[in-house]
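For ligands, and for the atoms within them, numbers begin at 1 and follow the listed sequence. All heavy atoms count here, side chains included; hydrogens, waters and symmetry mates do not.
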Amino acid sequence: MGVQISPSILSADFAILAAETQRVAGAADWLHVDVMDYHFVPNLTLGLPVVESLLKHTNTPIDCHLMIDDPDRWAPAYAEAGAASVTFHVEAAKDPRAVAKDLRAAGARAGAALKPGTSIDDYIDLLPHIDMLLVMTVEPGFGGQAFMADMMPKVRRARELVIAGDLELWIQVDGGVAPLTIEQCAEAGADVFVAGSAVFGASDPAHACSSLRSQAHAATAASWWAGQ
Ligand code: DX5
Ligand code: ZN
């Protein structure tokens, strides 16, 4: 699939979300929508009604990042509403494999997210059952935080597992992804890049997407995993 850019609307103006999505139309592969419930993370954003409304106002596929408790119960509704990709946190799920199965059955790509302190090696058996692994590069909860470069070995390990298992699995990074950090993410093995403040904090969000994409392409071409 190659490099994909998923701007996070967490850094957009929530009062005019439909208009904000238009600013990246054609330049973004996805719209990354951060759902937070004040329980799994100490912040509250938006939920299913807003996702349902957004779906009516954009042609860009929606990449829901659920930072919520009990995704076993709540995640499938986002897929049923029409989100093309739904990612839940493994730390919050009682049965991650069952959640992934439910998401796929509802027609979405199933993503599983790892907080910075969560080891990928505890979830190797889950990887064949999901479509995307999200390696968080900040503690989930807020935009604009500093990028955690010490997550790069986890991204590299994920890419090694994808290659070794010949898996159809995208590797997403989220948190602090910006012009200064996107290349090391791509070099390590990521192929889906979430960027909030680096896109919606820019004067021209579409140009910011294109520029990040070019950087990621070049870094991927020069990476250890290129062509594998
Ligand atoms: C944080 C969210 C991110 C956030 C990233 O918990 O999951 O998607 O919007 O924002 P930046 O790119 O500003 O770090
Ligand atoms: Zn996110």
With atoms numbered from 1 as shown, which atoms in ligand 1 lie under 4.0 angstrom from a non-hydrogen atom of [X]?
X    : value
H32  : 8 (O)
D174 : 2 (C), 3 (C), 4 (C), 5 (C), 7 (O), 8 (O)
H65  : 7 (O)
P140 : 6 (O)
L10  : 4 (C), 9 (O)
M67  : 6 (O), 7 (O)
S197 : 11 (P), 12 (O), 13 (O)

Give me the atom names and distance for the closest heavy-atom approach of [X] to [Y].
X    : Y    : value
G82  : L55  : O-CD2, 3.6 Å
V177 : T137 : CG2-OG1, 4.2 Å
G175 : F147 : O-CD1, 3.4 Å

Protein contact of [atom] - nearest heavy atom, named by residue and atom, plus distance:
atom                    : value
atom 1 (C) of ligand 1  : F142 O, 3.5 Å
atom 12 (O) of ligand 1 : G196 N, 2.8 Å
atom 14 (O) of ligand 1 : G176 N, 2.7 Å
atom 9 (O) of ligand 1  : S8 OG, 2.8 Å
atom 10 (O) of ligand 1 : G143 CA, 3.5 Å

Could [X] and [Y] be called an ion pair, given the rule that one side-chain N must be under 4.0 Å from one carboxylate O?
X   : Y    : answer
R23 : D204 : no
R97 : D125 : no
K56 : E52  : no

Do you see a donor-acceptor pair shorter than 3.5 Å between the side chains of D34 and T45? no

Would you say [X] has any N or O atom under 3.5 Å from an N or O of ligand 1, going by distance alone?
X    : answer
V194 : no
G144 : yes
D34  : yes

Is the backbone N or O of A186 less than 3.5 Å from a side-chain atom of W225, with the two atoms forming a donor-acceptor pair by type? yes

Closest approach to the Zn ion (ligand 2) by D34, given as the N, O or S atom name: OD1

I'd like the atom name of the N/O/S atom in H32 lying closest to the Zn ion (ligand 2). NE2

Please determine if R159 forms a cation-pi arrangement with W224, meaning its NZ or CZ atom is less than 6.0 Å from the six-membered ring centre and no more than 45° off the ring axis. no

4.5 Å side-chain heavy-atom contact, K154 and L114: yes

Does some side-chain heavy atom of P116 sit less than 4.5 Å from a side-chain heavy atom of M151? yes

Give, rounded to 10 degrees, the angle between ND1 (H65) and OD2 (D174) as seen from the Zn ion (ligand 2). 90°

Would you tell me which option among G175, G141, A146, A195 has the nearest heavy-atom contact to atom 6 (O) of ligand 1? G141

Among Q172, R109, Q4, side chain to side chain donor-acceptor pair (under 3.5 Å) partner for D63: Q172

